[in-house]
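Accompanying notes for the structure given below.
Each chain gets a letter, A, B and so on, in the order its sequence line appears, and its residues count up from 1.
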There are 2 protein chains.
Amino acid sequence: MGYPSLPHDHGEAFEKEMGAMPPLESFGTLASIFKELGDESRLRIFWLLCHCEECVINISSMVGMTSPAVSHHLRQLKSGGLITGMRRGKEVYYKAVDTQKARLLHSMIEGMMEIECPWEGPVR
Amino acid sequence: MGYPSLPHDHGEAFEKEMGAMPPLESFGTLASIFKELGDESRLRIFWLLCHCEECVINISSMVGMTSPAVSHHLRQLKSGGLITGMRRGKEVYYKAVDTQKARLLHSMIEGMMEIECPWEGPVR
DNA sequence: CTTATAATTAAACAAATGCTTAATTGTTGA
DNA sequence: TCAACAATTAAGCATTTGTTTAATTATAAG
C-alpha cells in the first residue's frame, strides 16, 4: 500500500522483491561517476595517476595525446574529485586523490581488468 | 632501457613507478563497461534488474520512460552482457545475469551508493 | 624586460548518444 | 483470421562529448 501499482501484476509484491529504490538523485550521482571512467582516454589517465604522479607533458606523452586534450580530461577528473594537481615550478603535477571513492574506483578497475581483460601483466 | 623516454625526467624510473601499463585494448574494454552504467536511466534499469525480474512495460513504468526508450537501453545492457531476457507469453522478462562481471558491478554500485549518496535506505 | 617552456582556456567541429514518434514484428485469445 | 497487446526496430532530431587548432595565462631563466 502506498505504492504505485504496476501495469502488470505478476504476483510478486513490488517492495518485497527489491526493497525501496534509491532516489533518482542517487542514480544521477552514480552515473556521473561512472561516466568519468567511461572514456578510454580518461580511464587511462586516471589509472596512470593511481600509479604515479606526473606533469601534463609526461601524461600527454604516455597516453599519446596533445596537452590541451589531456588538460581537458584532467579538469574533469579533478572536478569529479578523483585527482588533484599541484604546481611545482613551471609544471603542474597530478595524482589520484586518496579517498574512499577514488580507492574504490581504482580497485574496481583492477578487479574488472582481471575478470574481463585476458592480459598477463608485466613480464616477470 | 626499451622504454620510451619521457619528455621530462623527474628522477623516477617509469617502470618502477607504475609497473607496466595494461594494453590500450584493455582500457577500451573497461571504458565501454563503465559507459554502460554512465547513464542514469540505464543505471536505474540495471539496478532494478539486479533486484527483480520484470517485463518491459513494468520496467518502463518504474523508471518513467516510454517502452521504446527502455527497449533501447535493454538492448545495450544485454549486448554488454549484463542482463538477459526471456519471453514468456506476450511478455519478455529481463533480469541481471549471474556472472562475475555483473556481480562485481552490482556490488560496486551498492558500495558507491553507501559512500557517495547520503540516503538512509528503505524505512524500517 | 624579454624569451622560452608549461599549462590552460576558447572556439569550432565531427561523432556519438538518448529520446521521440511512427512503423513493424511477435504472441495470445476471441 | 482478426483484434488487442507487448516488444522491438527505424528514422529523425537535439544534445552532449572529445578532439583539434589557436590564443592566453603562468612561471622560470637569461
Query - Pairwise side-chain contact, A/I115 with B/T99, heavy-atom cut-off 4.5 Å (strictly under) - result: no
Query - Between P of C/dT8 and CD of A/E91, the distance in whole Å - result: 11 Å
Requested in this report: Pick base, sugar-phosphate or nothing for B/Q76, based on heavy-atom distances below 4.0 Å to the nucleic acid.
Outcome: sugar-phosphate
Query raised in the report: Taking protein heavy atoms under 4.0 Å as touching, what does nucleotides 19-25 of chain C look like 5' to 3' if B marks base contact, S marks sugar-phosphate-only contact and - marks none?
Result: SBBB---
**Report entry** Whole angstrom value for the distance that separates P of D/dA7 from CD1 of B/I45
**Finding:** 13 Å
Query raised in the report: Quick one: does B/E91's side chain get under 4.5 Å of B/V56's, heavy atoms only?
Result: no
Report task. Starting at atom NZ of A/K90, determine the distance to atom C1' of D/dT25, rounded to an integer number of angstrom. Result -> 14 Å
Report task. When you get a sec, tell me which of D/dC5, D/dT9, D/dA28 is the closest nucleotide to the side chain of B/R75? Result -> D/dT9
Query - Short side-chain N/O contact from A/R87 to OP1 or OP2 of D/dA26, under 4.0 Å - result: no
Report summary line: Here the pair of heavy atoms bringing B/A96 nearest to B/F46 is CB-CE1, 4.2 Å
Query raised in the report: When you measure from the side chain of A/R42, which nucleotide among C/dT8, D/dG18, D/dT8 comes out closest?
Result: D/dG18
Query raised in the report: Does A/L6 offer a backbone N or O that forms a donor-acceptor pair with the side chain of B/N58 under 3.5 Å?
Result: no
Query raised in the report: For the pair made of NE2 in A/H8 and P in D/dA6, what is the distance, rounded to whole Å?
Result: 4 Å
Query raised in the report: To the nearest angstrom, how far is B/E54 atom CD from D/dA7 atom C1'?
Result: 15 Å
**Report entry** A/L77 CG - D/dG18 C1' separation (whole Å)
**Finding:** 13 Å
Requested in this report: Answer yes or no: does a side-chain N or O of B/Y94 lie under 4.0 Å from OP1 or OP2 of D/dA6?
Outcome: no
Query - Over all atoms of both residues, closest heavy-atom pair of A/H73 and A/I45 - result: CB-CD1, 3.9 Å
Query raised in the report: Through what angle, rounded to 10 degrees, does the axis of the helix from C/dC1-D/dG30 to C/dA30-D/dT1 turn between its ends, using five pairs per end?
Result: 10°
Query raised in the report: To the nearest Å, how far apart are A/I57 CD1 and D/dA26 P?
Result: 18 Å
Query raised in the report: Partners of A/H106 by side chain to side chain donor-acceptor pair (under 3.5 Å), sequence neighbours excluded?
Result: A/H51, A/E110
Report task. Take atom CZ of A/R88 and atom P of D/dA28, then tell me their distance rounded to the nearest Å. Result -> 13 Å
Report task. Could you check if a side-chain atom of A/S41 sits within less than 4.5 angstrom of a side-chain atom of A/V63, using non-hydrogen atoms only? Result -> no
Report task. Assign A/Y93 to base, sugar-phosphate, or nothing according to its heavy-atom contacts below 4.0 angstrom with the strands shown. Result -> nothing
Query raised in the report: Could B/R88 and B/E53 be called an ion pair, given the rule that one side-chain N must be under 4.0 Å from one carboxylate O?
Result: yes
Requested in this report: Work out which heavy atom in A/S60 is nearest to a heavy atom in A/V70; give both atom names and the distance.
Outcome: OG-CG2, 3.5 Å
